[in-house]
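Reading through the structure tokens given below for one structure.
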Amino acid sequence: MKPSEGLDVPVIPIVGIGGIGKTTLTRLVYNDNRVNRHFPLKIWICVSEEFDLTRLLNLMIHSIKKGEQCDDSTVEALQTCLRSLLNDKKFLLVLDDVWNENQARWIELRDLLRSMGGLSQSKIIVTTRSLKVASIMSSIRPYELKVLPHEDCLIFFTKWAFNDGDDRQYPNLMRIGEEIVKKCKGVPLVVRTLGSLLFMKTDESDWISVRDNELWKLEHAENEILPVLKLSYNHLPSHLQQCFAVMSLYKKDSIYYSDKVIQFWMANGLLEHSKQKQECVDVGGRYLNELLSRCLIQKETDYALGFTFKMHDLIHDLALDVSQKECKTVNSQSYVIDENVRHLSFCDDKLLKVPQDLKKLKTVRTVFVHELSTELKTIHESLINLCVSKFKYLRALHLRCSPLTGLPNSIGTLKHLRDLDLTGCRNIQKLPSSFYKLRSLQTLRMYGIPLMQLPVSMESLIELRYLEITIKAKHLKETWLRCWTSLQYLGLFECDNLECLPEGMQYLTSLRRLVLFGC
């Protein structure tokens, strides 16, 4: 028997080029009512390039029970946690966007799933661009998605380029559109992106510009559609181009939260001043709606403060491509950083050293630290100490779930810092004495930091608009509220001892939303 032929591991592979609709098809199956009735448990994880067992187990646990965390990150502990959640239930597991061609890594995951029990009645769907990946993971003949026929592409394009029935009023545009569709070579993602780009545009010159663009003539591999997608980017207004580009700092397949993205844009001064005197958050919402209308992001679900969205992996590749002069994602494979980089993202749990190139950077505005191994505490400390001491013009600093036990006192020198995210940094017991100097802070997230009380000096943070905190005290001090007149959102999370809201809530004249969770 081939290693891929585990009889009790039913794997269904779906294969096709990027943008052909593998994930869309799988999502339709995943959400079908008949599937819901058949599988009491469904798990969806986006695998991408990193097929690491520990990471995949963590993703599975999180998919089953949102917010569930295993304190011990060893494979054995994660396996125990996952087994308790599966509990011999029949399940459907989707492994989306798999690139791994190392058979040993698949066998490692396969054998672990076998040991859970109940697998023979379960199903695994794998989406991949590679027939080799499909053959490694399954002996079943893969479902190979072919390009759409020209007629179907034309119908699809018309749906995105016109309101219902309007295409009949513009036969001249439809003739040009048919030529554009032929160039899309049957790839739905390209058809949809260009159709949405031309939506509501009735000037022939706009359509001819897309049809005759030089990007069609670029030499590129058969499966490479980035140059074509770049047409949509090139037609964005300059302010939207900047906002789109910096979204490359988030890890591929991330779930984006609209309010957090808008606050990040705001911190970096990427939101234009509205002539209608709109609030920045409303301007940011308008930007996101524009990106939605152009199919550069895909809405997932609504929530109290906005909505979640995702970015197709090819669109994320586009963001990486157009942002490479100013944005850099640092990982264990790439320690070299250009001195002109302004935005940094560290998101590799195999990062074992602090890149020396950081010391020569002078204009860094953003640092994201996410998914570094929490076991490498010294790397976290060295990295944060260097960033805080070196990057004096920092606007946004995100340290979610860091194992840090405290912030360096030098953080008070970051006079331009506007967005600080310390969510889940549960080892931090108190804030440094210099914290009050961060007078430009607009967004401060400290959900999960078990502070006994906020320092009195917090009243100096008069620019605060968005605040999330967890405190152990019984009362919030009224003196802070008198100073936070710009505060629009206040979230009190897991404040177990909080007995009442302070008397001075009426001083929060700009407050739009108050959230109490687990209090």
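As a basis for the values below, the full set of heavy atoms in this structure was taken, side chains included, without hydrogen atoms, waters or symmetry mates. Computed from a predicted structure; not experimentally measured.
A salt bridge does not link Lys22 with Asp97: every distance from a Lys NZ or Arg NE/NH1/NH2 to an Asp or Glu carboxylate oxygen is 4.0 Å or more. Comment: Arg294 engages Glu290 in a salt bridge, judged by a side-chain N to carboxylate O separation of less than 4.0 angstrom.
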* Asked: Going through the checks in order, is the side-chain contact (heavy atoms from CB on, under 4.5 Å) test met by Lys328 and Asp338?
  -> CA-CA 8 Å; Lys328 175 68 176 179; Asp338 187 271; over 6 Å; no
* **Test side-chain contact (heavy atoms from CB on, under 4.5 Å) applied to Ser323 and Phe244, step by step** => CA-CA 9 Å; Ser323 67; Phe244 173 76; over 6 Å; no
* Does the side-chain hydrogen bond (donor to acceptor under 3.5 Å, both in side chains) test come out yes or no for Ser345 and Thr329, once each step is laid out? -> CA-CA 5 Å; Ser345 177; Thr329 297; 4.5 Å; no
* Asked: Checking side-chain hydrogen bond (donor to acceptor under 3.5 Å, both in side chains) for the pair Thr26/Thr127: CA distance, chi angles, key distance, verdict?
  -> CA-CA 8 Å; Thr26 306; Thr127 71; 5.4 Å; no
* Do Leu399 and Leu407 pass the side-chain contact (heavy atoms from CB on, under 4.5 Å) test, and can you show the C-alpha distance, the side-chain angles, and the key distance before you say yes or no? -> CA-CA 10 Å; Leu399 307 176; Leu407 294 171; 4.1 Å; yes
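Contact of the Leu56 side chain with the Leu95 side chain is not registered, since no non-hydrogen atoms from C-beta on lie closer than 4.5 Å. No side-chain heavy atom of Ile315 sits less than 4.5 Å from a side-chain heavy atom of Gln298. Looking at Asn163 and Met200, their side chains come closer than 4.5 Å, going by heavy atoms from C-beta outward. Side-chain contact between Asp317 and Leu314 is present, with heavy atoms from C-beta onward closer than 4.5 Å. Leu318 is listed as a side-chain neighbour of Lys230, based on a closest heavy-atom distance under 4.5 Å. Under the 4.5 Å side-chain criterion, counting only non-hydrogen atoms from C-beta, Leu344 is in contact with Leu358. Counting heavy atoms from C-beta on, the side chains of Val126 and Trp106 never come closer than 4.5 Å. When side chains are defined from C-beta on, Thr193 does not count as touching Leu197, because their heavy atoms never get closer than 4.5 Å.
With respect to Arg129, the side chain to side chain contact (heavy atoms under 4.5 Å, CB included) criterion is satisfied by exactly one of Ile17, Val98, Asp313, Val15: Asp313. For the side chain to side chain donor-acceptor pair (under 3.5 Å) with Ser48, the lone residue among Asp253, Asn100, Asp96 that qualifies is Asp253. Under the side chain to side chain donor-acceptor pair (under 3.5 Å) rule, Tyr466 has a single partner from Asp259, Asp419, Thr443, which is Asp259.
Between the side chain of Arg465 and the backbone N or O of Val281, no donor-acceptor pair lies under 3.5 Å. The main-chain N or O of Leu229 is never found under 3.5 Å from a side-chain atom of Ser232 such that the two would form a donor-acceptor pair. Side chain of Ser434 to main chain of Asn409: a donor-acceptor pair is present (N/O by atom type, distance under 3.5 Å, no hydrogens or angles). A donor-acceptor pair is defined here as one N or O able to donate and one able to accept, closer than 3.5 Å; no such pair exists between the side chain of Trp99 and the backbone of Ser130. Judged purely by atom type and a 3.5 angstrom limit, Gln324 uses its side chain to pair as donor or acceptor with the backbone of Asp321. Although no hydrogens or angles enter the test, the distance criterion places no donor-acceptor pair under 3.5 Å between the side chain of Ser209 and the main chain of Ser205. Not one N or O on the side chain of Arg513 forms a donor-acceptor pair closer than 3.5 Å with the backbone of Leu305. Under the 3.5 Å distance criterion, the side-chain polar atoms of Ser63 are matched with a main-chain donor or acceptor of Trp44. A donor-acceptor pair under 3.5 Å is absent between the side-chain atoms of Thr363 and the main chain of Arg342, judged by distance alone. Lys392 contributes no side-chain N or O that, together with a main-chain N or O of Thr413, makes up a donor-acceptor pair within less than 3.5 Å.
Of the inter-residue distances, the one linking Arg512 atom CZ with Tyr489 atom OH reads 14.0 Å to the nearest 0.5 angstrom. Summarising the geometry, atom CD1 belonging to Ile176 is positioned 4.5 Å from atom CD belonging to Glu204; distances are rounded to the nearest 0.5 Å. Atom CG of Asp421 sits about 9.0 Å away from atom CG of Leu397, to the nearest 0.5 Å. Note that the NZ atom of Lys390 and the NZ atom of Lys359 stand 9.0 Å from one another [nearest 0.5 Å]. Taking CZ of Arg365 as the start and CG of Asn268 as the end, the distance is 8.0 Å to the nearest 0.5 Å. Once rounded to the nearest 0.5 Å, the distance linking OG1 of Thr308 with NZ of Lys260 reads 11.0 Å.
Within a 6.0 Å sphere centred on OH of Tyr393, heavy atoms belonging to other residues, nucleotides or ligands number 12 at most. Within 6.0 Å of atom NZ in Lys362, 12 or fewer heavy atoms from other residues, nucleotides or ligands are found, so the atom counts as exposed in its surroundings. Heavy-atom neighbours of Tyr143 OH from other residues, nucleotides or ligands within 6.0 Å: at or below the threshold of 12. A 6.0 Å sphere centred on OH of Tyr30 holds more than 12 heavy atoms belonging to other residues, nucleotides or ligands. Residue-environment remark: NZ (Lys310) exceeds the threshold of 12 foreign heavy atoms within 6.0 Å.
Residues Pro13 and Ala134 share a closest heavy-atom pair of CB-CB, 3.7 Å. Among all heavy-atom pairs drawn from Ile136 and Glu101, the shortest one is CD1-O, 3.3 Å. Across Ile449 and Cys425, no two heavy atoms sit closer than the pair CG1-O, 3.4 Å.
Residues Phe368 and Phe264 bring their aromatic ring centres within 6.0 Å. Taking the six-membered ring for Trp and the full ring otherwise, Tyr256 and Trp265 have centroids separated by 6.0 Å or more.
Using cut-offs of 30° and 60° on the angle between ring planes, the pair Phe307 and Phe309 is tilted.
Side chain to side chain, Ser440 and Lys415 fail the donor-acceptor criterion of an N or O pair below 3.5 Å.
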